[in-house]
Amino acid sequence: MLHDIKKILTLAFGIILIGIGAFLFLTRFSEETPGISTNQSVSSNIQEIIRKEDTPVSAEQKPTQSQSEQARTTRFVIVGSASEASFTINEVLRGTPFTVVGKTHEVGGNVDVDFSNPSQTKIGAISINAQAFRTDSANRDGAIKSFILHSEDAGKESVTFTPSTITGLPKAFAAGIPLNLTIAGNLTIAGVTKQVVFNAFNVFVSPESLTGDAQSTIKRSDYGLSIPNIPFVANVSDELTIALRLEAQAGK
């Protein structure tokens, strides 16, 4: 009987030790590796999505100001075949007053039109081939090319007008309504540069094309343009008029 009681107590004591050991093991595991509930997992995923949406866009992803400006500006390219540059000067030829007119279609340049803010419209340098002027006489053409404009010399191949300011631009461009503008800038002839003003008129601007006329009166003496001594030519005027008739197409 006593022997049986000892067995029962020993068995009970063993069960108690096993229970205590299991409790300690589970408690330690729970502390070292806390469980994550389904609700906690969903909450963490939502917070991660919010963080990603709130992340600011980098500078590369945002459009720059220059890109925005380019988007609203249209470049018009001068079409030489539809444009013309000319000069007009008076002289006495064989005792009779005569007006010399020289013309060329070899004109180039760009105009950047800002339709959203016309005051920001820019005219690039307008270049004219100084070797290409044609008058009523081949002999005169040769004299202008070689002895007056010296266009065969380096740096003197072109007559160039580089605009700096445009006055008279409207608040908004309207197709079919002509503009009168005053365009100031630097005019270079035979390597000499002077400030001049061109008066532009009948300027028409549309999304597809730009056309207009402009002219300026200058003194050839300001540019050192000497007239060769020819017996039957006299009293060549110091003043001459330069005229431009331009047509430009968008994106051409």
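Just so we're clear, the structure is a prediction, and the values are computed from it rather than from any experiment.
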Ser119 versus Leu169, closest heavy-atom pair with distance = CA-CD1, 4.1 Å
How many angstroms lie between CZ in Phe201 and CG in Asn180, if you round to the nearest 0.5 Å?
-> 8.5 Å
Pairs involving residues 181-201, ordered by first then second residue, that meet side-chain hydrogen bond (donor to acceptor under 3.5 Å, both in side chains) (sequence neighbours left out) | Thr188-Thr193
Can you give the donor-acceptor pairs under 3.5 Å from side chains of residues 235-244 to other protein atoms, not counting sequence neighbours?
{"from": "Ser237", "atom 1": "OG", "to": "Glu239", "atom 2": "N", "distance (Å)": "3.0"}
{"from": "Ser237", "atom 1": "OG", "to": "Glu239", "atom 2": "O", "distance (Å)": "3.1"}
{"from": "Asp238", "atom 1": "OD1", "to": "Ser221", "atom 2": "N", "distance (Å)": "3.0"}
{"from": "Asp238", "atom 1": "OD1", "to": "Ser221", "atom 2": "OG", "distance (Å)": "3.2"}
{"from": "Asp238", "atom 1": "OD2", "to": "Ser221", "atom 2": "OG", "distance (Å)": "3.0"}
{"from": "Thr241", "atom 1": "OG1", "to": "Thr217", "atom 2": "OG1", "distance (Å)": "3.4"}

Is there side-chain contact between Phe98 and Val233, with at least one heavy-atom pair below 4.5 Å?
-> no
Answer yes or no: does atom CG of Asp136 have more than 12 heavy-atom neighbours from other residues, nucleotides or ligands under 6.0 Å?
-> yes
Out of Leu210, Val107, Thr211, which one pairs with Leu246 under the side chain to side chain contact (heavy atoms under 4.5 Å, CB included) rule?
-> Val107
In terms of hydrophobic clustering (I, L, V, M, F, W, Y; side-chain heavy atoms under 4.5 Å; direct or indirect links), are Phe133 and Val192 co-clustered?
-> yes
With sequence neighbours left out, write down each residue that passes salt bridge (charged side-chain N to carboxylate O under 4.0 Å, His left out) with Asp141, or none if nothing qualifies.
-> none
Would you indicate whether the side-chain heavy atoms of Gln131 and Lys145 approach each other to under 4.5 Å?
-> yes
Quick one: closest heavy-atom pair of Ser216 and Val197, and the distance?
-> OG-O, 2.9 Å
Is it true that a side-chain atom of His105 and a backbone atom of Ser83 form a donor plus acceptor pair closer than 3.5 Å?
-> yes
Who are the salt bridge (charged side-chain N to carboxylate O under 4.0 Å, His left out) partners of Glu91, not counting sequence neighbours?
-> Arg140
Any Pro170 side-chain heavy atom under 4.5 Å of Leu179 side chain | yes
Establish whether Phe204 and Ile177 are linked, either directly or via other cluster members, by ILVMFWY side-chain heavy-atom contacts under 4.5 Å.
-> no
Let me see the working for Asp114 and Arg72 under side chain to side chain contact (heavy atoms under 4.5 Å, CB included), right down to the final yes or no.
-> CA-CA 6 Å; Asp114 191 330; Arg72 67 172 184 255; 3.3 Å; yes
Once you round to the nearest 0.5 Å, how far does CZ of Arg220 lie from CD1 of Ile148?
-> 8.0 Å
To the nearest 0.5 Å, how far apart are OG in Ser151 and CD1 in Ile128?
-> 13.0 Å
Measure the NZ-CG distance between Lys122 and Asn110 for me, rounded to the nearest 0.5 Å.
-> 14.5 Å
Side-chain touch Thr99/Ile89, heavy atoms, less than 4.5 angstrom = no
Residues which pass ring-ring contact (aromatic ring centres under 6.0 Å, His included) with Phe173, listed by chain and number, not counting sequence neighbours = Phe115
Using the rule that two of Ile, Leu, Val, Met, Phe, Trp, Tyr join whenever any of their side-chain heavy atoms come within less than 4.5 Å, decide whether Ile227 and Val101 are in one cluster.
-> no
Answer yes or no: is there a side-chain heavy-atom contact under 4.5 Å between Thr104 and Phe87?
-> no
Which atom pair, heavy atoms only, marks the closest approach of His150 to Phe147?
-> NE2-O, 3.3 Å
Rounded to the nearest 0.5 Å, the CD atom of Glu106 sits from the CZ atom of Arg134 at a distance of 8.0 Å
Going by atom type alone, with no hydrogens or angles, which donor-acceptor pairs under 3.5 Å involve a side-chain atom of residues 152-167 and a protein atom two or more places apart or on another chain?
{"from": "Glu157", "atom 1": "OE1", "to": "Gly155", "atom 2": "N", "distance (Å)": "3.0"}
{"from": "Glu157", "atom 1": "OE2", "to": "Gly155", "atom 2": "N", "distance (Å)": "3.3"}
{"from": "Ser164", "atom 1": "OG", "to": "Ala184", "atom 2": "O", "distance (Å)": "3.1"}

Roughly how far, to the nearest 0.5 Å, is the OG1 atom of Thr135 from the CD1 atom of Ile144?
-> 5.0 Å
Exercise: identify the closest heavy-atom pair between Ala250 and Phe76 = N-CD2, 3.5 Å
